[in-house]
Engineer: 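Handing you a structure now.
Treat the numbers as computed from the prediction; the structure is a model and nothing was measured. One-based numbering, in listed order, for ligands and for the atoms of each.
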Amino acid sequence: MPALVLLGAQWGDEGKGKATDLLGGSVDYVVRYQGGNNAGHTVVVGDQKYALHLLPSGILSPGCTPVIGNGVVVDPSVLLSELSGLNERGVDTSKLLISGNAHIITPYNVTVDKVTERFLGKRKIGTTGRGIGPTYADKINRVGIRVQDLYDESILTQKVEAALDVKNQLLTKLYNRRVIAVDQVVEELLGYAEKIKPYVADTVLVLNQALDDDKVVLFEGGQGTLLDIDHGTYPFVTSSNPTAGGACTGSGVGPTKISRVIGILKAYTTRVGSGPFPTELFDEDGEALRRIGGERGVTTGRDRRCGWFDAVIARYATRVNGLTDFFLTKLDVLTGWEQIPVCVAYEIDGERVEELPYSQTDFHHAKPVYEYLPGWQEDITKAKTFADLPKNAQAYVKALEEMSGAPISAIGVGPGRDETIEINSFI
Ligand code: GDP
Ligand code: IMO
Ligand code: MG
């Protein structure tokens with residue numbers, strides 16, 4: 001069985017953590033391939049609720065090896081506190097593997113993220129303030145610090161010096177902040193080195209050997225398609241590639257090994273931070289979605305912006321990721337509406353547009369064209385099969401499937417592991 005990818009088809013928070021956890025019991029490896037602790041994944045197992053940021057959601061499945069791939073950015077303090085938090089709750093984390101090539105989020109990257117956002121003022125991106133963008137910028141500028149650098153003090157010192165040379169100029173002269181001392185950063189990073197060492201591995205080799213041995217590898221995306229640095233609503237995006245191609249570059253596994261790409265799709269839409277969002281609601285319906293769906297950020301505690309389902313975006317996600325199927329989440333949240341609007345196209349400057357416009361200006365002007373589907377009033381949280389759903393809920397799912405360009409293989413009807421209707425088996 002080759003590899004499969006599970007990723008966000010919208011702007012993040014689609015329920016990837018729950019979906020990954022659900023599959024975790026049947027796969028051998030769960031791999032994060034991009035992003036860092038900007039992610040916030042909630043997993044509910046029985047009466048226990050876990051909030052994961054950096055660790056792959058597979059960490060909660062005993063038989064599964066969780067892997068942090070080379071494409072991820074790692075904040076060592078967050079890593080260690082997340083691990084100890086899980087250990088205190090009796091979760092065994094000893095199988096975790098971390099790529100020596102993953103980049104480290106240094107304390108100065110976090111500082112730069114925060115001061116840059118402040119400097120941008122009204123034009124800010126609304127980042128999570130976790131140092132994600134500046135760390136990827138250092139990686140691309142070739143002044144990044146990698147996990148493996150923690151094990152050579154002299155190299156580490158030289159690299160931190162090189163990174164801080166320019167940053168200290170910016171911090172003091174432009175942002176009016178204090179100089180960050182090289183020694184202090186090096187000392188802090190060295191303090192993490194030994195604690196992280198048992199997990200560091202050649203993850204490229206491990207994963208490719210596992211695939212050669214017919215093990216099942218699941219790639220778990222952070223964020224979502226529309227937050228992708230290349231394919232998202234740039235510049236209101238994150239600084240990595242959550243889209244399917246990122247699974248290859250962020251792990252060192254070739255595309256020929258991937259046989260299935262599953263898009264996690266919420267039955268409505270949410271977004272955190274700045275940027276265009278055609279179906280966003282500013283009325284009591286938006287408030288109701290936020291309240292019923294519990295749409296508050298796991299990472300920053302910010303209220304999520306809420307709106308109706310957008311089929312244009314779903315079709316786009318199918319295309320740029322080569323999606324084979326969808327996992328539709330949070331259908332239960334829509335119970336109780338008389339009718340449910342679904343955006344089927346946009347109107348841009350008086351013209352009907354069926355596909356996502358490549359021009360940022362056009363997308364900012366896009367107004368949703370809605371079709372109204374009949375709602376349902378029955379509680380669906382106990383539904384176990386598609387046939388258990390009320391007729392109108394079935395029709396809603398079928399309509400979304402038709403509009404989105406790929407079959408829906410599972411439906412979430414509640415946050416728990418077992419609150420899922422499986423239509424086609426994933427493994
Ligand atoms: P992620 O970032 O994609 O992993 O998603 P988050 O965990 O940030 O947000 C999804 C939220 O929805 C979490 O609180 C989940 O527990 C919850 N959730 C996931 N699937 C469902 C579902 O089918 N129904 C309901 N009601 N909640 C769900
Ligand atoms: P999960 O994995 C939703 C958003 C931020 C901001 C933009 C850039 O839980 O789906 P960054 O800190 O990454 O530089 O911020 O991206 N963002 C997310 N929105 N879910 C996430 O992760 C997100 N991670 C980043 O709000 O708009
Ligand atoms: Mg989230």
Side-chain angles (χ1 to χ4, degrees), residues 6-22 32 34-45 48-54 56-57 72-73 75 105 109-110 112-114 116-117 124-137 220-229 232-240 242 263-277 289 291-305 327-335 379-381 383 410-421:
L6 197 152
L7 53 80
Q10 294 151 322
W11 275 287
D13 303 322
E14 299 90 348
K16 299 176 292 292
K18 173 191 156 167
T20 304
D21 170 66
L22 192 69
R32 278 283 306 268
Q34 48 67 238
N37 57 304
N38 48 347
H41 300 170
T42 308
V43 181
V44 181
V45 185
Q48 295 288 308
K49 190 167 165 177
Y50 299 90
L52 301 169
H53 298 283
L54 177 60
S57 303
V72 175
V73 287
D75 184 326
I105 302 179
N109 292 136
V110 178
V112 170
D113 193 359
K114 289 180 178 154
T116 312
E117 281 282 277
K124 73 175 182 192
I125 306 299
T127 73
T128 58
R130 301 298 192 262
I132 305 296
T135 305
Y136 280 113
E220 176 189 17
Q223 292 76 53
T225 300
L226 275 300
L227 286 173
D228 186 282
I229 186 83
T233 47
Y234 190 91
F236 301 104
V237 292
T238 191
S239 299
S240 66
I264 313 303
L265 189 65
K266 212 182 285 200
Y268 51 96
T269 314
T270 63
R271 168 161 211 173
V272 195
S274 319
F277 178 1
L289 287 174
R291 189 184 65 251
I292 303 166
E295 298 296 352
R296 181 177 281 265
V298 186
T299 299
T300 58
R302 289 181 288 182
D303 272 355
R304 294 172 180 157
R305 300 158 63 191
F327 189 140
L328 185 72
T329 61
K330 304 189 93 159
L331 186 65
D332 54 300
V333 174
L334 293 180
T335 300
D379 174 25
I380 62 169
T381 56
I411 303 166
V413 291
R417 246 183 206 174
D418 51 349
E419 289 171 308
T420 307
I421 297 172

Engineer: Distance from Ile105 atom CD1 to Ile132 atom CD1, nearest 0.5 Å?
Structural biologist: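 Interatomic distance, Ile105 CD1 to Ile132 CD1, rounded to 0.5 Å: 4.0 Å.
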Engineer: Is the closest basic N to carboxylate O distance between Arg304 and Asp13 below 4.0 Å?
Structural biologist: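 Yes, this pair counts.
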Engineer: At a 4.0 Å threshold, what atoms of ligand 1 neighbour a non-hydrogen atom of Gly412?
Structural biologist: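 Contacts of ligand 1 toward Gly412, numbered from 1: 23 (O).
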Engineer: Pairs of nitrogen or oxygen atoms closer than 3.5 Å, one from Thr127 and one from ligand 2: do any exist?
Structural biologist: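 No.
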Engineer: Considering only protein heavy atoms, which is closest to atom 6 (C) of ligand 2, and at what distance to one decimal place?
Structural biologist: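 Sorting protein heavy atoms by distance from atom 6 (C) of ligand 2 puts Gly126 O, 3.2 Å first.
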Engineer: Which of these, Gly416, Pro415, Gly293, has its nearest heavy atom closest to atom 18 (N) of ligand 1?
Structural biologist: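 When every heavy atom of Gly416, Pro415, Gly293 is considered, Pro415 comes closest to atom 18 (N) of ligand 1.
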Engineer: Do any nitrogen or oxygen atoms of Leu331 lie less than 3.5 angstrom from nitrogen or oxygen atoms of ligand 1?
Structural biologist: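 Leu331 vs ligand 1: no N/O contact under 3.5 Å.
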Engineer: Heavy atoms only: give me the nearest Ile411-Phe327 pair and the separation to one decimal.
Structural biologist: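 Ile411 and Phe327 have their closest heavy atoms at C-CE2, 4.2 Å.
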Engineer: Determine the sole option in Arg32, His41, Lys16 for which the side chain to side chain donor-acceptor pair (under 3.5 Å) test with Glu220 is passed.
Structural biologist: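 Between Glu220 and the candidates, side chain to side chain donor-acceptor pair (under 3.5 Å) is satisfied uniquely by His41.
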Engineer: Should Phe236 be listed as contacting ligand 2, given a heavy-atom distance under 4.0 Å as the test?
Structural biologist: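 Judged by the 4.0 Å heavy-atom criterion, Phe236 does not count as contacting ligand 2.
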Engineer: Could you list the residues that satisfy side chain to side chain contact (heavy atoms under 4.5 Å, CB included) with Ser239, not counting sequence neighbours?
Structural biologist: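 Tyr136.
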Engineer: For ligand 1, find out whether one of its N or O atoms is nearer than 3.5 Å to an N or O atom of Gly414.
Structural biologist: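 It does: an N or O of Gly414 is found under 3.5 Å from an N or O of ligand 1.
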Engineer: Does any N or O of ligand 1 fall below 3.5 Å from an N or O anywhere on Gly15, backbone included?
Structural biologist: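 The answer is yes, given that Gly15 and ligand 1 share an N or O pair closer than 3.5 Å.
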Engineer: Roughly how far apart are Tyr234 OH and Asp228 CG, rounded to 0.5 Å?
Structural biologist: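 Separation between the atoms: 12.0 Å.
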Engineer: Side chain to side chain donor-acceptor pair (under 3.5 Å) between Arg302 and Thr300: does it pass, once the steps are laid out?
Structural biologist: CA-CA 5 Å; Arg302 289 181 288 182; Thr300 58; 3.0 Å; yes
Engineer: Please report the number of protein N, O or S atoms that lie less than 2.8 Å from the Mg ion (ligand 3).
Structural biologist: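 If we list every protein N, O or S atom nearer than 2.8 Å to the Mg ion (ligand 3), we get 2.
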Engineer: Determine, using heavy atoms of Val237 and all atoms of ligand 2, whether some pair is separated by less than 4.0 Å.
Structural biologist: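 Heavy atoms of Val237 do come under 4.0 Å of ligand 2.
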Engineer: Taking all non-hydrogen atoms of both residues into account, name the closest pair between Gly35 and Ser240 and its distance.
Structural biologist: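 Smallest heavy-atom distance, with atoms named: N-OG, 3.6 Å.
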Engineer: Among protein heavy atoms, which lies nearest atom 12 (O) of ligand 2, and at what distance?
Structural biologist: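 Result: Thr128 OG1, 2.6 Å.
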Engineer: So is there a nitrogen or oxygen of Thr329 less than 3.5 Å from a nitrogen or oxygen in ligand 1?
Structural biologist: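 Between Thr329 and ligand 1, no N or O pair is found under 3.5 Å apart.
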Engineer: If you take the nearest heavy atom of each of Arg304, His53, Lys330, which one is closest to atom 12 (O) of ligand 1?
Structural biologist: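 Nearest option to atom 12 (O) of ligand 1, by heavy atoms: Lys330.
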Engineer: Check if Lys16 has a non-hydrogen atom at a distance under 4.0 Å from any atom of ligand 2.
Structural biologist: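 Lys16: in contact with ligand 2 (<4.0 Å).
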Engineer: Before signing off on this row, confirm whether Thr238 and ligand 2 have an N or O atom pair separated by under 3.5 Å.
Structural biologist: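 Checking ligand 2 against Thr238, an N or O pair does fall under 3.5 Å apart.
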Engineer: Within a strict 4.5 Å, meaning less than it, do heavy atoms of the Pro134 and Asp113 side chains meet?
Structural biologist: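 Of all side-chain heavy-atom pairs linking Asp113 with Pro134, at least one is under 4.5 Å.
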Engineer: I want to know if ligand 2 touches His41 in the polar sense, i.e. an N/O pair below 3.5 angstrom.
Structural biologist: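 Yes, His41 has an N/O under 3.5 Å of an N/O on ligand 2.
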Engineer: To the closest 0.5 Å, what do you measure between CD (Glu14) and OG1 (Thr329)?
Structural biologist: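 That separation rounds to 7.0 Å.
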Engineer: With rounding to the nearest 0.5 Å, note down the distance linking NE2 in His53 to CG in Asp75.
Structural biologist: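 One finds 11.5 Å between NE2 of His53 and CG of Asp75.
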Engineer: List in chain and number order the residues that pass salt bridge (charged side-chain N to carboxylate O under 4.0 Å, His left out) with Glu419, two or more places apart in sequence or in another chain; answer none if no residue qualifies.
Structural biologist: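 Partners of Glu419 under the salt bridge (charged side-chain N to carboxylate O under 4.0 Å, His left out) test: none.
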Engineer: What pair of heavy atoms forms the shortest contact from Asn37 to Thr299, and how long is it?
Structural biologist: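 Minimum heavy-atom separation between Asn37 and Thr299: O-CG2, 3.6 Å.
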Engineer: To the nearest 0.1 Å, how far is atom 3 (C) of ligand 2 from its closest protein heavy atom, and which atom is that?
Structural biologist: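 For atom 3 (C) of ligand 2, the nearest protein heavy atom is Asp13 OD2, 3.2 Å.
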Engineer: Does Tyr50 have any ring pair (Phe, Tyr, Trp, His ring centres under 6.0 Å) partners at least two apart in sequence or in another chain, and if so, which?
Structural biologist: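 None.
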Engineer: Could you list the atoms of ligand 1 found under 4.0 angstrom from a heavy atom of Thr42?
Structural biologist: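 Every atom of ligand 1 under 4.0 Å from some heavy atom of Thr42: 7 (O), 13 (C), 14 (O), 16 (O).
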Engineer: For Ser239, is the nearest heavy atom under 4.0 Å from an atom of ligand 2?
Structural biologist: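 Not so, Ser239 does not reach ligand 2.
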Engineer: Is ligand 1 less than 4.0 angstrom away from at least one heavy atom of Glu220?
Structural biologist: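 No.
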Engineer: Is the closest N or O pair between Ser274 and ligand 2 shorter than 3.5 Å?
Structural biologist: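 Checking ligand 2 against Ser274, no N or O pair falls under 3.5 Å apart.
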Engineer: Report yes if Gly40 has an N/O atom closer than 3.5 Å to an N/O atom of ligand 1; otherwise report no.
Structural biologist: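 Yes, at least one N or O pair falls under 3.5 Å.
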Engineer: I need the nearest protein heavy-atom contact for atom 10 (C) of ligand 1: residue, atom name and distance, please.
Structural biologist: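 Here the nearest protein heavy atom works out to Asp13 O, 3.8 Å.
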Engineer: Is the closest heavy-atom distance from Gly12 to ligand 1 below 4.0 Å?
Structural biologist: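 No heavy atom of Gly12 comes that close to ligand 1.
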Engineer: Of the protein's non-hydrogen atoms, which lies at the shortest distance from atom 19 (N) of ligand 2, and what is that distance?
Structural biologist: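 Residue, atom and distance for the closest contact: Leu227 CD1, 3.6 Å.
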Engineer: Run the numbers for me: atoms of ligand 2, each under 4.0 Å from some heavy atom of Arg302, listed by number.
Structural biologist: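 Numbered from 1, ligand 2 contributes 5 (C), 26 (O).
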Engineer: Calculate, to the nearest 0.5 Å, the distance between atoms OG1 and CD belonging to Thr128 and Gln223 respectively.
Structural biologist: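 So the gap between those two atoms works out to 8.0 Å.
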Engineer: Kindly indicate, with the supporting measurements, whether the criterion side-chain contact (heavy atoms from CB on, under 4.5 Å) is fulfilled by Leu265 and Gln10.
Structural biologist: CA-CA 7 Å; Leu265 189 65; Gln10 294 151 322; 3.5 Å; yes
Engineer: Any nitrogen or oxygen of Val272, main chain or side chain, under 3.5 Å from a nitrogen or oxygen of ligand 2?
Structural biologist: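 Yes.
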Engineer: Which option out of Glu220, Arg304, Gln223, Glu117 puts a heavy atom nearest to atom 2 (O) of ligand 2?
Structural biologist: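 It is Gln223 that holds the nearest heavy atom.
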Engineer: For ligand 1, is any non-hydrogen atom under 4.0 Å from Arg296's backbone (N, CA, C, O), its side chain (CB onward), both, or neither?
Structural biologist: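 For Arg296, no heavy atom sits under 4.0 Å from ligand 1.
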Engineer: Mark up the atoms of ligand 2 that fall under 4.0 Å of a heavy atom belonging to Trp11, in ascending order.
Structural biologist: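 What qualifies from ligand 2 is 3 (C), 19 (N).
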Engineer: Does Gly224 have a heavy atom less than 4.0 Å from any atom of ligand 2?
Structural biologist: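 No, Gly224 has no heavy atom closer than 4.0 Å to ligand 2.
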Engineer: For ligand 1, is there an N or O atom under 3.5 Å from any N or O atom of Glu14?
Structural biologist: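 Yes; at least one N/O pair falls below 3.5 Å.
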Engineer: Which bit of Asp332 is near ligand 1, meaning a heavy atom under 4.0 Å away: side chain, backbone, both or neither?
Structural biologist: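 It is the side chain that gets close, since no backbone atom is under 4.0 Å.
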Engineer: Looking at Ala39, which atoms of ligand 2 are within less than 4.0 Å of one of its heavy atoms?
Structural biologist: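 Every atom of ligand 2 under 4.0 Å from some heavy atom of Ala39: 1 (P), 2 (O), 9 (O), 22 (O).
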Engineer: Once you restrict to heavy atoms under 4.0 Å, what part of Lys18 touches ligand 1? Side chain, backbone, both or neither.
Structural biologist: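 Contact part for Lys18 vs ligand 1: side chain (C-beta onward).
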Engineer: To the closest 0.5 Å, what do you measure between CG (Asp332) and OG1 (Thr381)?
Structural biologist: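 Asp332 CG to Thr381 OG1: 7.0 Å, rounded to 0.5 Å.
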Engineer: Return a yes/no value for Gly17: is any of its N or O atoms, backbone included, closer than 3.5 angstrom to an N or O of ligand 1?
Structural biologist: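 N/O-N/O distance below 3.5 Å exists for this pair.
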Engineer: Within a distance under 4.0 Å of any heavy atom of Gly222, pick out the atoms of ligand 2 and give their elements.
Structural biologist: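 Selected atoms, number and element: 2 (O).
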Engineer: Just which atoms of ligand 2 are under 4.0 Å from any heavy atom in Gly12?
Structural biologist: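 By the 4.0 Å cutoff, the relevant atoms are 10 (O), 20 (N).
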Engineer: Using a strict 4.0 Å cut-off to heavy atoms of Val298, name the atoms of ligand 1 that fall inside it.
Structural biologist: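 Listed by number with element, the hits are 8 (O).
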Engineer: Counting only heavy atoms closer than 4.0 Å, does ligand 1 sit against the backbone of Val413, its side chain, both, or neither?
Structural biologist: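 It is the backbone that gets close, since no side chain atom is under 4.0 Å.
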